[in-house]
Amino acid sequence: MTALLPASSVAADLDWWRHAVVYQIYPRSFADSNGDGVGDINGIRSRIGYLAGLGIDAIWINPWYPSPMKDAGYDVSDYRAIEPVFGTMADAEALIAEAHAAGIRVILDIVPNHTSDQHRWFIDALAAGPGSPERDRFIFRDGRGPGGDLPPNDWRSEFGGPAWTRVTEADGRPGQWYLRLFAPEQPDVNWNHPDIHDEFTQTLRFWFDRGVDGFRIDVAHGLVKDGELSDIDGLPFPLPDGTPEGVDHPHWDQPGVHDIFRTWRAVADSYDGPRVFCGEIWVGRDHRLTAYLRPDELHTAFNFNFLMAPWLAGPLRATITSTLAAHAAVGAPATWVLGNHDVCRPVSRYARPQEQVKPGFPSLQGYLALPADLEVGRRRARAAALLSLALPGGAYVFEGEELGLPEVEDIPLAARQDPTVAGTNGENIGRDGCRVPVPWTTGGSSFGFGPDGGDAPWLPQPAEWGASSVEAEQGDPSSSLELYRTALAVRAANPALGDGELTWVEAGPTALAFTREPGFGCWVNLGAEPLPLPAGATVLVSSEPLVDGALPADTAAWLQLA
Ligand code: NOJ
């Protein structure tokens, strides 16, 4: 083992997670070292210099464990090994060591709601039959109706259709059903079973022992199901504001889930140097999100309410204010998230008329019918980057966001690989458009994603991808990449940024303006008219050039205040 760290270069700052900028690496799509068309760990290793130069504090790597890849690695068949397509355990240990040596923390992705149907436990459960202890590690039930032909309840899969799959028993007859809130190949585990607790505790320790600094927790709000498996019966989720406490959805955000994370926190706290968690928690109401961030639970959670807010001053200000109040109440830092591997890229979201955007999960599907102006989307995404990096707390940057990549909207249906496509018979085109492999060079057969002449990337790249590559953007002061580099350098050097508080300044109904101590201001113009800046302010960085000293439409500026 080469990585029994923390290395000295990352050990010093115990509060790093309260202000970290975390860069999300979707390993399939980041860098392909061996030319098989799929990104890999050695590809990530080859880009550590780029990541250090960008100025991020940590990387979060989507699942890299052995997987049949029915949901791009979120169907895990062994939690303590490396998927051969991505490399070896030695590669992973070398990556952790090299990232630490470059001052970058490493966060992995743990998937505790479901396994792969190829996990040893599920194979055993199928073989062992109804009523067996092996089946009790999952959620098997008899069906309803004559012959048990109907699913046990009315729960729906996130990828479309019923959340239950029926098995064929050893005698060849249709048998029990198992719960799978996602794809049929992702059976939900039973968190009432002690083996499940032990398995995940050992998994956390396995990776913490290898120097890993934390985990992003997949579907953290989904682990516990109501004991009765009651019908949903039309109950919406997220539950609306004003829902009385005590009214809970049968399989999301069940109160019992908090006990699991208290146990996990104790595991993390048993290590020297903070080992931290970030929950993927889609629960809507702020107080239900921050309940996961009480001092003995998770450290942080993705702020999806901010990600879902349209590019409009009123909704953004409201969500920022309520986020900060709810996090302050539990002493946790907020996070600011513009994109990830599940949602439409911000350039393409903000390219749509924002008044017409419907609230809800921000996948491409929700935007397809609305006309797009990508130039407007790019301006807004640049301004949103400065806004999110100026707000109190930590921030996430999804690979390619720093290049201003748009969603690839025209991937042919046959080339799409997201299980959502099959689950909805092609009605929902899924999430592949934000997962297209990153362009590193202006030319080459995969724009530098893999070696020139290697296998085609696992998703097709658009012909114009090279214009948004690292090679095209670096050194160009007007590029998105240089904007991110400058902003991250200013953020790292400015004591007002990162964790802390803000004070709003009234700057009109289509503007956001706030100050942070000492002496920092962030002004954002979301309206059409130029926005004047405060007298005596010096511009540290702006997302577009100023016009006559004022901020033009869809522009943000960071200011040193007089
Ligand atoms: C959330 C992950 O981000 C997503 O990509 C995955 O499909 C589901 N959880 C199921 O694991």
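Everything numeric in this text was worked out from a predicted model, so none of it was measured. Only this structure's heavy atoms are used, side chains among them; waters, hydrogens and symmetry mates stay out. Atoms within a ligand are numbered from 1 in the order they appear, just like the ligands themselves.
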Exercise. State the atoms of ligand 1, each with its element, that fall below the 4.0 Å cut-off from a heavy-atom position in Arg435.
Key: 5 (O)
Practice problem: Inspect the contact between Arg431 and Asp71 and indicate whether a charged nitrogen and a carboxylate oxygen are less than 4.0 angstrom apart. | Solution: yes
Quiz item: Atoms of ligand 1 less than 4.0 Å from His341 heavy atoms?
Solution: 2 (C), 3 (O), 4 (C), 5 (O)
Quiz item: On the ring face of Tyr367, is Arg352 found with NZ or CZ under 6.0 Å from the centre and within 45° of the axis?
Solution: no
Self-check item: For atom 5 (O) of ligand 1, closest protein heavy-atom neighbour
Solution: Asp342 OD1, 2.7 Å
Exercise. Check if Lys70 has a non-hydrogen atom at a distance under 4.0 Å from any atom of ligand 1.
Key: no
Practice problem: Measure the spacing between OH of Tyr74 and CG of Asp218 and express it to the nearest 0.5 Å. | Solution: 5.5 Å
Quiz item: With a 6.0 Å cut-off on ring centres, are Tyr79 and Phe206 close enough?
Solution: no
Exercise. Compute the centroid of each ring, for Tyr396 and then for Phe302, and state whether the two points are separated by less than 6.0 Å.
Key: yes
Quiz item: For atom 8 (C) of ligand 1, which protein heavy atom lies nearest, and how many Å away is it?
Solution: Phe182 CE2, 3.8 Å
Quiz item: Can you list the atoms of ligand 1 that are under 4.0 Å from a heavy atom of Arg431?
Solution: 4 (C), 5 (O), 6 (C), 7 (O)
Quiz item: What atoms of ligand 1 come within less than 4.0 Å of a heavy atom belonging to Arg216?
Solution: 1 (C), 2 (C), 3 (O)
Quiz prompt | Protein contact to atom 7 (O) of ligand 1 [nearest heavy atom, distance to 0.1 Å] | solution = Asp71 OD2, 2.6 Å
Quiz item: If you measure only the distance, is there a donor-acceptor pair under 3.5 Å linking the side chains of Asn303 and Thr335?
Solution: no
Quiz item: What atoms of ligand 1 come within less than 4.0 Å of a heavy atom belonging to Phe159?
Solution: 7 (O)
Self-check item: Verdict with reasoning, Phe398 to Val343, per side-chain contact (heavy atoms from CB on, under 4.5 Å)
Solution: CA-CA 11 Å; Phe398 175 42; Val343 304; over 6 Å; no
Exercise. Classify the side-chain pair Trp458/Ser29 by whether it contains a donor and acceptor separated by less than 3.5 Å.
Key: yes
Quiz item: Between Phe30 and Trp440, does the ring centroid distance fall short of 6.0 Å?
Solution: yes
Quiz item: Quick one: nearest non-hydrogen protein atom to atom 11 (O) of ligand 1, plus distance?
Solution: Asp218 OD2, 2.7 Å
Quiz prompt | Ligand-side contact atoms (ligand 1) for residue partner His114, heavy atom cut-off under 4.0 Å | solution = 10 (C), 11 (O)
Quiz item: Would you say Glu158 touches ligand 1, if touching means a heavy atom closer than 4.0 Å?
Solution: no
Self-check item: Proximal atoms of ligand 1 relative to Val219 (non-hydrogen, under 4.0 Å)
Solution: 9 (N)
